[in-house]
Amino acid sequence: MSDLRTLFDAASALAGQSFAELADAQGMSVPADLRRHKGWVGQLLEAALGASAGSQALQDFPELGVELKTIPLDARGRPLETTFVCTTPLLDVTGLNWEASNVRNKLQCVLWIPIDGRREIALAQRTVGTAFLWQPSAAEEAQLKADWQEHMDKIALGQVEQITAHQGEVLQLRPKAANSRVLTEAVGPGGEIIQTLPRGFYLKTGFTWAIIKRTFDLADSN
DNA sequence: GGATGATCATGC
DNA sequence: GCATGATCATCC
């Protein structure tokens, strides 16, 4: 992808296409469901748009500074899932600041691609929605920053295990691992090193719903 | 019905 | 294990 316009046009052109059509074009096969293929739709869209970062800790289109995110919507256009942003540092966090954070970097410019997330529709028949570019408004960034700071303060104080997904207005902290037996190092209550579940930052659905709602001029009811 | 905590696949 | 891509499954 040489420029943002080209990428956006390519993403826009995917609107209305079914996963079966897209998979066929990419030489991919469509799984029966997502239970054992949770990231499949994201990978399908990455392939269709030529994202190249792979498993590196980079934006999907580093040269454009753009992060690609699919977001599954229900019949009313509401997000069905929270949106994973990045994993959370749990050690040596005292010097970290929002401006240099991975969360801010990832969310600086997002190419959102709504997808049909309805489980009652066969995966192959679900379709891609209308892509749109988003950059956080000053208000949105302020919310994100406040939540990020609150979480990071607790982590720095050795209180990571007191954090639940209920905390944070728009940005929550939740486990992010293969399973609940996976452990990583963190700071404990007494400043010692403890073993704990890896965590990740996720955008709450209320936050992404507000973006979707505004973008497509949808009503709050229904 | 919706959100939380747990989980799945893959590459290095 | 940690990064990527997320949704599942169970709970309230």
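Letters A, B, ... mirror the listed sequences (proteins, then strands); counts begin at 1.
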**Item:** Inter-axis angle, terminal five-pair segments of the helix from B:dG1-C:dC12 to B:dC12-C:dG1 [nearest 10°]
**Value:** 30°
Where at least one partner belongs to [range], residue pairs that pass salt bridge (Lys or Arg N to Asp or Glu O under 4.0 Å), sequence neighbours excluded:
{"range": "residues 174-194 of chain A", "result": "none"}
{"range": "residues 150-166 of chain A", "result": "A:Glu150-A:Lys154"}
{"range": "residues 195-216 of chain A", "result": "A:Glu140-A:Arg214, A:Lys213-A:Asp220"}

Suppose we screen for side-chain contact (heavy atoms from CB on, under 4.5 Å). Which residues come up paired with [X], at least two apart in sequence or across chains?
{"X": "A:Lys69", "answer": "A:Glu67, A:Thr83, A:Val110, A:Trp112"}
{"X": "A:Ala146", "answer": "none"}
{"X": "A:Pro175", "answer": "A:Leu197"}

**Request:** For each nucleotide in nucleotides 7-12 of chain C, reading 5' to 3', give B when a protein heavy atom comes within less than 4.0 Å of its base, S when such contact involves only the sugar-phosphate, and - otherwise.
**Result:** BBS---
**Message:** Through direct or indirect side-chain contacts below 4.5 angstrom among Ile, Leu, Val, Met, Phe, Trp and Tyr, which residues connect to A:Leu91?
**Reply:** A:Val187, A:Ile193
**Message:** Give me each pair satisfying side-chain hydrogen bond (donor to acceptor under 3.5 Å, both in side chains) with a member in residues 33-45 of chain A, each pair once, sequence neighbours excluded.
**Reply:** A:Asp33-A:Arg35
**Message:** I'd like to check the side-chain hydrogen bond (donor to acceptor under 3.5 Å, both in side chains) partners of A:Arg5; sequence neighbours left out, ordered by chain and number.
**Reply:** A:Asp9
**Stretch residues 91-114 of chain A: residues that reach within less than 4.0 Å of DNA chain B through a heavy atom** = none
